[in-house]
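Per chain, numbering begins at 1; letters A, B, ... match sequence-line order.
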Amino acid sequence: MSKAGDGAAAGQPLLRIEDLQKKFGDLEVLCGVSLNVARGEKVSIIGPSGSGKTTLLRCINYLEKPSAGHIYIDGTLIGEKKSGDRFIHLTDRELARERQEIGFVFQRFNLFPHLTALGNVTVAPMRVLNLSREAAEARGRDMLQKVGLSHKADEYPERLSGGQQQRVAIARVLAMQPKLMLFDEATSALDPELIGEVLRVMRQLAEEGATMVIVTHEIQFASEVSDRVIFMDQGRIVEQGLSREVLFKPKEARTREFLKHIQDR
Amino acid sequence: MLELPQIYAENIHRWLPELLYYSLMTLKIGFFSFIVAVVFGILVALCRVSKNRLVRTLAIWFIEIGRGLPIVVILYIIYFVPPQLFPGLNWTWFSDFTGAVLGLGIHGGAILAEVFRSGIEALHKGQREAAMSLGMTPAKSMVYIILPQATRIVLPPVGNYAIGLLKDTSLCTLIGVNEIMNGAKSIAFSDYQPMAVFILVAGIYFAMSYPLSLLVRALERRLSTAQ
Amino acid sequence: MTFFQILEKNGWYFFTTLLSGWPATLTVASGALVFALIFGLVIALMRISTWRLLRWPATAYLEFFRGTPALVQLFVIYFGFPDWGFQPSPLQAAIIGLGMNGAAYISEIYRAGIESIHRGQMEAALSLGMTPIKAMQHIILPQAIRTMLPPMTNFSIVLLKDTAIVFSIGVLEVMALARQLVTETLTSAPIYLMAGAMYLCVTIPMARLAARLERQRQAWQ
């Protein structure tokens, strides 16, 4: 596979995962997951806790190092490179370069408490992309406006509600103009009344054509936004397909059981 | 007791300039040992969190010994022991001032190492991950994300250490450094006025340390409301 | 003579001489600790009083003793008090000096301990029908002691280390004997190192104990 990003050619998936495995000591969290995501596609991953869905997402951003298997974005290997017929790990600098193109939204926001909302959104464009302060702030204000938080630009995270913090975190990712956005249970740390505002922003991004992989418990949201739903259990993909089919006409017993359980709550 | 004001009225014009002159030495020792302590502290804290077990163990020893020994004992060991262990070397450069700065610096390094470590560990792992996921290298995430936050956590205890250090410089008189306590002793016993002179010295120390402690408290208040 | 030859020839003599300084060191440390525990409680109670006439002197005391070196305080007491007609012995001066200095620090530990207990605890105890004294005895104090024990242990370590300066007012403790040995034998390295090792034998286990108490306290919460 060439390192050049010429995979933009039609028909090639933006994200390609090949037989990904991850072990924590003896515990097998991912037992061979393969998955393709096309450009502009929205994929939701659902499944019980401990099913490996968060680990899968973290591997895509190389926050976890896979035990085996490979990940490609636009045809470029993530986290490693090929030398002869061996795969070797990237240096920190090369890894950082690749991560610029992948946005990650954390369950617990992970905003930087020492920076204002605008500071959170501009720090990476300034320090990673080396934009000037003016350019970064212009872009940052655009992004804050997009998530509806222009008026909170100068507030520090502790003065923001959970929903507002998560929207700033999304703006922070958007400011890097990533090719792919990963959402790790972006609403599960939020009070029920704050979930809606975050989902609204995510829906808007989906409509604008972003490529998104979403780990979520919000079945309703998943069915409305995603093109495809993946059900994972015990480190494997159990079932996948069009969202309507997986969510409303599941073929597998385990999927039915999970959906029933989650609706009973 | 009623005589004190009178004693001061008669002598302060002689005592105060002399004591203030000596207090410059006190500030000089304090300043340089603070720098040595911060450097030691950072190095040892990094060793303390190292992945290498030997390095980590050595750092723990340094911290436990540095914090377990009385400062006077550290000063005596640093100042008197090396020249005797290695008599062949040239020790003329090793003044009492150097010994004092090194001794206080080593003690401070052990204290600050723990302060710095807790500052780094207090940060949520998510901060580093968030920085990395935005494409920062480990070095950049250290400079722009971790250190600015750790500094705020660490600043008040470092300030408190600095106040303690200023007072601890008084121990350097015990290895013969000509700082304010040394000056005070010679004045007190030549003029037969120990009470008046030592209370004056206490006042000078207080005048140096109190503004510092007000500053630290203001800092603590500001940082605690900001959290 | 090399370091080890000296140690072989005089090591046992050094050891026994230094050991004979420990009773004085421990007397000063424990005397000052008791002094500080009692006097510190008085200061702490004055500090949380609603009455300004009590609060202000306590605060002034605290600021002064925390703002000046212990060595200066010792010198004022030992060399200065005779001017006022009170001639303390070196041991008395050391205990009073380190005790008064320690009271300032300990009062803050008391205060933090008292304030750490939620006001709801007292209310809950009273609502169960306890008298304020019973509530203090069975509910408030047991919690306060758990909170205060680790910093108190740490303070004891500090106090023990601080006793190493009282040779300067003539107490014959470990460091005083070490210095005497150095003048007597004209060798310093083995003596100071041995004295240091002796201090570590006491302070490091105490520090471990304090850390364990702290972990236990956190486990309770």
Side-chain angles (χ1 to χ4, degrees), chain A residues 57-58 60-64 79 90-116 119-130 155-159 165 168-169 171-184 189, chain B residues 38 42 45-47 49-53 55 112 115-159 215-227:
Chain A
L57 210 62
R58 289 168 62 84
I60 300 176
N61 207 5
Y62 234 67
L63 293 173
E64 304 287 353
L90 294 185
T91 64
D92 289 336
R93 188 175 292 272
E94 292 166 325
L95 194 56
R97 175 78 195 75
E98 291 191 340
R99 283 190 178 126
Q100 293 169 23
E101 315 206 309
I102 314 169
F104 198 103
V105 177
F106 295 87
Q107 183 179 356
R108 304 215 135 263
F109 334 135
N110 292 354
L111 287 189
F112 305 129
H114 64 303
L115 300 174
T116 60
N120 266 278
V121 179
T122 54
V123 65
M126 277 165 61
R127 305 304 180 186
V128 176
L129 303 179
N130 295 318
E155 293 285 4
Y156 283 90
E158 83 255 0
R159 302 277 307 269
Q165 289 192 46
V168 172
R172 179 172 75 177
V173 165
L174 287 175
M176 293 297 285
Q177 301 176 333
K179 288 180 181 170
L180 170 67
M181 291 181 73
L182 309 173
F183 294 83
D184 181 17
Chain B
V38 169
I42 291 174
L46 291 177
C47 293
V49 296
S50 157
K51 290 195 178 93
N52 184 318
R53 191 164 170 183
V55 172
L112 291 184
V115 169
F116 292 150
R117 180 175 73 109
S118 60
I120 293 171
E121 287 182 351
L123 289 189
H124 192 257
K125 176 169 134 254
Q127 290 294 309
R128 208 177 126 82
E129 285 189 346
M132 308 269 265
S133 79
L134 289 169
M136 291 193 188
T137 56
K140 276 188 180 169
S141 74
M142 198 63 169
V143 172
Y144 297 116
I145 305 301
I146 306 297
L147 281 185
Q149 294 184 54
T151 312
R152 287 163 195 230
I153 299 174
V154 151
L155 227 45
V158 170
L215 191 76
V216 172
R217 275 177 242 175
L219 207 68
E220 274 173 343
R221 262 199 308 279
R222 238 191 71 190
L223 295 180
S224 71
T225 52
Q227 244 148 38

task: Pick one of side chain, backbone, both or neither for Arg172(A), based on which atoms fall under 4.5 Å of a heavy atom in chain B.
output: both
So, do [X] and [Y] sit near enough that their side-chain heavy atoms are less than 4.5 Å apart?
X	Y	value
Val123(A)	Ile145(B)	yes
Pro113(A)	Gln127(B)	yes
Arg99(A)	Leu134(B)	no
Pro148(B)	Phe112(A)	no

task: Please determine, among Leu63(A), Val105(A), Val128(A), Val173(A), the option with the most heavy-atom pairs under 4.5 Å with chain B.
output: Val128(A)
- line: Correct closest heavy-atom pair for Asp92(A) and Thr137(B) would be O-CG2, 4.1 Å
- prompt: Met136(B) and Arg127(A): which non-hydrogen atoms are nearest, and at how many Å?
  reply: CE-CB, 4.5 Å
query: Side chain of His114(A), backbone of Ala150(B): donor and acceptor closer than 3.5 Å?
result: no
field: Donor-acceptor under 3.5 Å (Asn110(A) side chain, Gly126(B) main chain)
entry: yes
task: Decide yes or no on side-chain contact (heavy atoms from CB on, under 4.5 Å) for Ser133(B) and Phe106(A), but give the supporting numbers first.
output: CA-CA 10 Å; Ser133(B) 79; Phe106(A) 295 87; 3.7 Å; yes
field: Part of Ala139(B) lying under 4.5 Å from any heavy atom of chain A
entry: neither
message: Would you say that more than 12 heavy atoms from the other residues, nucleotides or ligands in this model lie under 6.0 Å from the CZ of Arg217(B), or not?
response: yes
